[in-house]
Amino acid sequence: MFHSFVFCCFCFWCLAGVFGDAVKSVSVMEGDSVTLNTDTELQTDDVIQYRFGSKNSLIATINRGTGIFSTQDERFRDRLKLDHQTGSLTIMNITDTDSGGYQIRAKIIYRFSVAVYARLPVPVISNNSSSASLTSNCSLVCSAVNVSHVTLSWYKGNSLLSSISVSDLSISLSLPLEIECLDDSYSCVVAYSFTNLTTHLNNTDFCQPCSECIHCCGSTEAVIRLALSALVGVATVAVLVYDIRPRKDEQQRRSNPHAD
Ligand SMILES: *[C@@H]1O[C@H](CO)[C@@H](O)[C@H](O)[C@H]1NC(C)=O
Ligand SMILES: *[C@@H]1O[C@H](CO)[C@@H](O)[C@H](O)[C@H]1NC(C)=O
Ligand SMILES: *[C@@H]1O[C@H](CO)[C@@H](O)[C@H](O)[C@H]1NC(C)=O
Ligand SMILES: *[C@@H]1O[C@H](CO)[C@@H](O)[C@H](O)[C@H]1NC(C)=O
Ligand SMILES: *[C@@H]1O[C@H](CO)[C@@H](O)[C@H](O)[C@H]1NC(C)=O
Ligand SMILES: *[C@@H]1O[C@H](CO)[C@@H](O)[C@H](O)[C@H]1NC(C)=O
Ligand SMILES: *[C@@H]1O[C@H](CO)[C@@H](O)[C@H](O)[C@H]1NC(C)=O
């Protein structure tokens, strides 16, 4: 019972592999390159066909015997690159119209679904302070115009501070950030699930660096510092007193041995 179940699973796995039933989804940003990988060394001297679109039209072929590669579709002219061992195909400078289904037809058919996303805009960090006061916090806003399917986030180093997402609708996103001073690598990242763009906050025009942050130490901090200093002082006195007393007793005892 269990064995036949395992065998069945194995068969399904075989079918999916051997007959290339699984469609591999690939996401890419406009202008970038994408490689459709067969993930195997093709054991054939035959002609391999590359097909594209709902009509599976022929876009390129390679004759493995002669090693001759030719492009059949003008749209892909000079934009295709081939791995002769694996038959993997690289499409360069992807455009919106390149999205859709691809097939690599050797002994078996490898299927791919390519989704092309618009180029990410560089996130822009700008001043969102309502006052020019130097002692107040630094208010910033990061924005990305005309985006969809993205997440916009503020990071401090590697830790996420805040983020906002948009699904299918193309809109402009903005995300505010309030910091006391510029003391670490703050950055704003706009991201698809598969790629992203980062803008680092190192514009000290917006926020003063923390090293020069003397007059912005809050009154609470001053009080805490004062309290700490007092505590350390008391502790020091206590230690000194504790340390000196027994010695005094000892000295007295030594200088006066006939006391008891
Ligand atoms: C990429 O394609 C676009 C239009 O499809 C073209 O304007 C641009 O020059 C191409 N870039 C490269 C590097 O080939
Ligand atoms: C930020 O904007 C406020 C209000 O417009 C302005 O008063 C302030 O000078 C600006 N700060 C910087 C560093 O540009
Ligand atoms: C917004 O993006 C769409 C497609 O991504 C584009 O057609 C449109 O021109 C863009 N609008 C602006 C204002 O950039
Ligand atoms: C600027 O800051 C105010 C609060 O001070 C906030 O309500 C507003 O959304 C911010 N602007 C942007 C573009 O986020
Ligand atoms: C200044 O920013 C810090 C950190 O974001 C925040 O905890 C604090 O409330 C802010 N202070 C004021 C006066 O907005
Ligand atoms: C940005 O992309 C890089 C490389 O693909 C990845 O390592 C990193 O985790 C991504 N960061 C975010 C915030 O998505
Ligand atoms: C900002 O800092 C990043 C890394 O900390 C650096 O790569 C980038 O060149 C800097 N940009 C400017 C305008 O100084």
Side-chain angles (χ1 to χ4, degrees), residues 24-37 39 50-55 57-62 69-83 88-103 112-126 128 138-179 182-203 206-207:
K24 201 168 165 188
S25 292
V26 189
S27 296
V28 61
M29 198 162 69
E30 251 181 305
D32 286 355
S33 296
V34 68
T35 297
L36 308 180
N37 271 313
D39 292 325
Y50 299 88
R51 292 183 173 267
F52 167 64
S54 51
K55 290 179 187 140
S57 41
L58 193 66
I59 59 169
T61 49
I62 180 167
F69 177 61
S70 54
T71 311
Q72 267 80 34
D73 190 318
E74 270 306 311
R75 276 179 303 177
F76 292 99
R77 174 91 47 217
D78 300 329
R79 290 200 295 131
L80 301 181
K81 228 167 47 186
L82 190 79
D83 184 313
S88 296
L89 184 73
T90 299
I91 309 160
M92 292 172 288
N93 194 14
I94 282 268
T95 70
D96 191 36
T97 51
D98 296 340
S99 57
Y102 287 80
Q103 294 182 352
F112 304 87
S113 172
V114 173
V116 180
Y117 288 76
R119 280 210 81 77
L120 285 172
V122 175
V124 174
I125 298 171
S126 43
N128 191 35
C138 177
S139 291
L140 300 159
V141 60
C142 180
S143 41
V145 293
N146 199 15
V147 286
S148 53
H149 302 103
V150 305
T151 300
L152 186 67
S153 314
W154 275 110
Y155 281 86
K156 183 179 186 180
N158 286 324
S159 47
L160 178 68
L161 299 176
S162 61
S163 70
I164 185 174
S165 294
V166 60
S167 53
D168 47 352
L169 223 60
S170 184
I171 57 163
S172 292
L173 281 181
S174 62
L175 189 62
L177 175 74
E178 186 150 304
I179 59 175
L182 195 58
D183 70 339
D184 204 346
S185 49
Y186 285 96
S187 58
C188 182
V189 180
V190 63
Y192 285 129
S193 53
F194 57 93
T195 191
N196 59 62
L197 267 180
T198 301
T199 296
H200 291 278
L201 174 62
N202 39 13
N203 189 341
F206 290 160
C207 304

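Start at 1 and go down the list; that is how both ligands and their atoms are numbered. Sequential numbering from 1 along the given sequence is applied to the chain's residues.
Ring to ring, Tyr117 and Phe194 are close: their centroids are under 6.0 angstrom apart.
Atom 13 (C) of ligand 6 lies below 4.0 Å from at least one non-hydrogen atom of the protein. Distances from atom 7 (O) of ligand 6 to the protein include no heavy-atom value under 4.0 Å. Atom 3 (C) of ligand 1 lies below 4.0 Å from at least one non-hydrogen atom of the protein.
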Report task. Report the C-alpha separation of Ile62 and Tyr50 in whole Å, then their side-chain angles, then the decisive distance to 0.1 Å, and conclude whether the side chain to side chain contact (heavy atoms under 4.5 Å, CB included) test is met. Result -> CA-CA 9 Å; Ile62 180 167; Tyr50 299 88; 4.0 Å; yes

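In this structure, a donor-acceptor pair under 3.5 Å is present between the side chains of Thr95 and Thr97.
Put simply, the side chain of Pro121 does not reach to within 4.5 Å of the side chain of Asn146, judged on heavy atoms.
Listed here is the closest heavy atom pair of His200 and Ser187: ND1-CB, 3.9 Å.
Close approach of ligand 6 to Tyr155 (heavy-atom distance below 4.0 Å) involves ligand atoms 13 (C). Shown in contact with Thr95 at under 4.0 Å from a heavy atom are these atoms of ligand 1, numbered in order with element: 5 (O).
When the heavy-atom distances from atom 10 (C) of ligand 6 to Thr198, Leu197, Asn196, Leu160 are ranked, the shortest goes to Asn196.
Residue contacts with ligand 1: Asn93 is placed with a nitrogen or oxygen under 3.5 Å of a nitrogen or oxygen of the ligand (distance criterion only).
Residue Ser113 forms a side-chain contact (heavy atoms from CB on, under 4.5 Å) with just one option from Ser27, Ser99, Ser25, and that option is Ser25.
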